[in-house]
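Note on naming: letters A, B, ... go to the chains in the order of the sequence lines (proteins, then strands), and numbering restarts at 1 for each one. Just so it is clear, the model here is predicted, and its values are computed rather than measured.
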Number of protein chains: 2
Amino acid sequence: MHTVIDKLTWRYATKKFDATKTVSDEKLERIIEAIRLTPTSSGLQPFELLVISNPAIRAKIQAVAWNQAQITEASHLLVFAAWDDITKDRVDMMFDLTNEVRGFKNEGWENYRRQLLDIVAARGTEGNYQAAARQAYIGLGVALTAAAFEEVDATPMEGFDPEAVDEILDLKSKNLRSVIILPIGYRASEGDWLVNLKKVRRSRSNFVTEIK
Amino acid sequence: MHTVIDKLTWRYATKKFDATKTVSDEKLERIIEAIRLTPTSSGLQPFELLVISNPAIRAKIQAVAWNQAQITEASHLLVFAAWDDITKDRVDMMFDLTNEVRGFKNEGWENYRRQLLDIVAARGTEGNYQAAARQAYIGLGVALTAAAFEEVDATPMEGFDPEAVDEILDLKSKNLRSVIILPIGYRASEGDWLVNLKKVRRSRSNFVTEIK
């Protein structure tokens, strides 16, 4: 049980969490760090992560998310929130950080910054948000894998009212928009209708085309 | 070097591949299998994977992708192609497959099928394509992690003309649209400007908010 395939086979969209079990700080930090290390387009990291243990806040989110019990019964709720726009300030923040971390300014990199600034200016707010939201899903793929390596269960959810969640978490003031929520914790020993059902995926031949 | 964090720290967006090195079938199959196992919204798997080793096809793609040399110099090119729409037929295909694999029909699941069919009918073609494309990015996150566990380098690319790639790969006839391309292979021992530069990520405090 040490390969990515084993871990992805083990995991499933947990329907019933054990509300008495908490993910340790050590495991939580490793999952967070994996998400932070997620590669993104042009290195922009155009999303942020909210890690919510607060029960009252989670109850409010549950109420605008089809009342899905995992939101409050899991150990923590992760919220992936994408930039609502890719502004000049945000691009500059990441390019300046890159220069600072690497300790030098490079003409090729500065040309690329200008090129990217032209692209995001032309694409407009909604197009930039959509591009940012896609990057958050790379983070989700990494998060699900990282959680499985920690033997932590995780249930990705798109079924919630994003504007209501933005309101609850005051994301608008941070120029963020909620994209995915992910309860993490431990499966309950009873009461999960999905846990013993077979995982369903299309066959390799219906999913993969090789061009040799 | 066995944790997800180690693997994500090791990987980088390889700028110069060693064109003489080929990813073994065994490693390639494990990366493909990880992508196939990627969890997706409602279990739809609304994307497919093309695995291209053919040099002439890759040269054509390179020509419509800012001439990025990794496309032809890497061992293989993976193309993530999302469904151009989430049609009734496609939803039914996955729900029927689920019933077949699990060996029974379940009223709750059938209710959910009807609910989902209403959602995708209301959302329309472009909205459904955008939703499908996001799911492909979960696959990308898993692919990057799985490749790193195989010590295979990978360079995600959005910088290509999707309509031209769709044309080259005849994706329109399969009702697919190219979303991300991912050359995989082995970094060259020389000539990669990025390999020795520090990885840049926002600090934990600029990326994570905890609500306790």
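- In this structure, chain A has heavy atoms under 4.5 Å from both the backbone and the side chain of B/Pro39.
- Only the backbone of B/Ser203 comes within contact range of chain A, with at least one heavy atom under 4.5 Å from a heavy atom of that chain.
- Neither the backbone nor the side chain of B/Met157 comes within less than 4.5 Å of any heavy atom of chain A.
- Atom CD1 of A/Ile61 is separated from atom CD1 of B/Ile211 by 7.0 Å, given to the nearest 0.5 angstrom.
- The part of B/Asn206 that comes within reach of chain A is its backbone (N, CA, C, O), which places non-hydrogen atoms under 4.5 angstrom from that chain.
- Side-chain atoms of A/Arg102 come within 3.5 Å of backbone atoms of B/Lys198 as a donor-acceptor pair (strictly under, hydrogens ignored).
- Smallest separation of non-hydrogen atoms from B/Arg36 and A/Phe207: CA-CE2, 3.6 Å.
- Most heavy-atom pairs under 4.5 Å with chain A, from the set B/Asn106, B/Ile5, B/Leu77, B/Val101: that is B/Ile5.
- In terms of non-hydrogen atom pairs under 4.5 Å with chain B, the most contact-rich of A/Leu8, A/Val200, A/Leu78, A/Val79 is A/Val200.
- How far CZ of B/Phe47 is from CZ of A/Arg202: 8.5 Å, rounded to the nearest 0.5 Å.
- Interface remark: of the candidates B/Trp193, B/Tyr137, B/Phe104, B/Tyr137 forms the most heavy-atom pairs closer than 4.5 Å to chain A.
- With a threshold of 4.5 angstrom between heavy atoms, B/Lys199 approaches chain A through its backbone and through its side chain.
- Heavy atoms of B/Leu169 lying under 4.5 Å from chain A belong exclusively to its side chain.
- With respect to chain B, the highest number of heavy-atom pairs below 4.5 Å among A/Ile180, A/Leu140, A/Leu97 belongs to A/Leu97.
- The 12-atom threshold is exceeded at CD of B/Glu158, counting heavy atoms of other residues, nucleotides or ligands nearer than 6.0 Å.
- Taking A/Arg11, A/Gln45, A/His76, A/Met93 one by one and counting their heavy-atom pairs under 4.5 Å with chain B, the maximum is reached by A/Gln45.
- Neither the backbone nor the side chain of B/Tyr12 has a heavy atom closer than 4.5 Å to any heavy atom of chain A.
- Taking chain B as the reference chain and counting heavy-atom pairs below 4.5 Å, the highest number among A/Glu48, A/Arg134, A/Arg30, A/Gln130 is found for A/Arg134.
- For B/Arg58, no part lies near chain A; criterion is any non-hydrogen pair under 4.5 Å.
- Of the possible polar contacts, none joining the B/Arg204 side chain to the A/Glu33 backbone as a donor-acceptor pair under 3.5 Å is found.
- Contact detail for A/Ala34 and B/Val4: the closest heavy-atom pair is CB-CG1, 4.0 Å.
- Using a 4.5 Å heavy-atom threshold, the side chains of A/Thr145 and B/Phe149 count as separate.
- Of all the heavy atoms in B/Val142 and A/Gly141, the pair that sits closest is CG2-O, 3.8 Å.
- Contacts of B/Thr98 with chain A are made by both backbone and side-chain atoms, with heavy-atom separations under 4.5 Å.
- In terms of modelled atom types and a separation under 3.5 Å, the side chain of A/Glu210 and the main chain of B/Leu50 share no donor-acceptor contact.
- For B/Ile57, the part lying near chain A is the side chain, with the backbone staying farther off; criterion is any non-hydrogen pair under 4.5 Å.
- Annotation: side chain of A/Val208 is in contact with side chain of B/Val51 (closest heavy-atom distance under 4.5 Å).
- Chain A forms the most heavy-atom pairs under 4.5 Å with one residue out of B/Ile32, B/Leu197, B/Thr40, and that residue is B/Leu197.
- Only the side chain of A/Leu144 comes within contact range of chain B, with heavy atoms under 4.5 Å apart.
- Side-chain atoms of A/Arg201 come within 3.5 Å of backbone atoms of B/Leu37 as a donor-acceptor pair (strictly under, hydrogens ignored).
- With a 4.5 angstrom heavy-atom cutoff, B/Leu194 touches chain A only via side-chain atoms.
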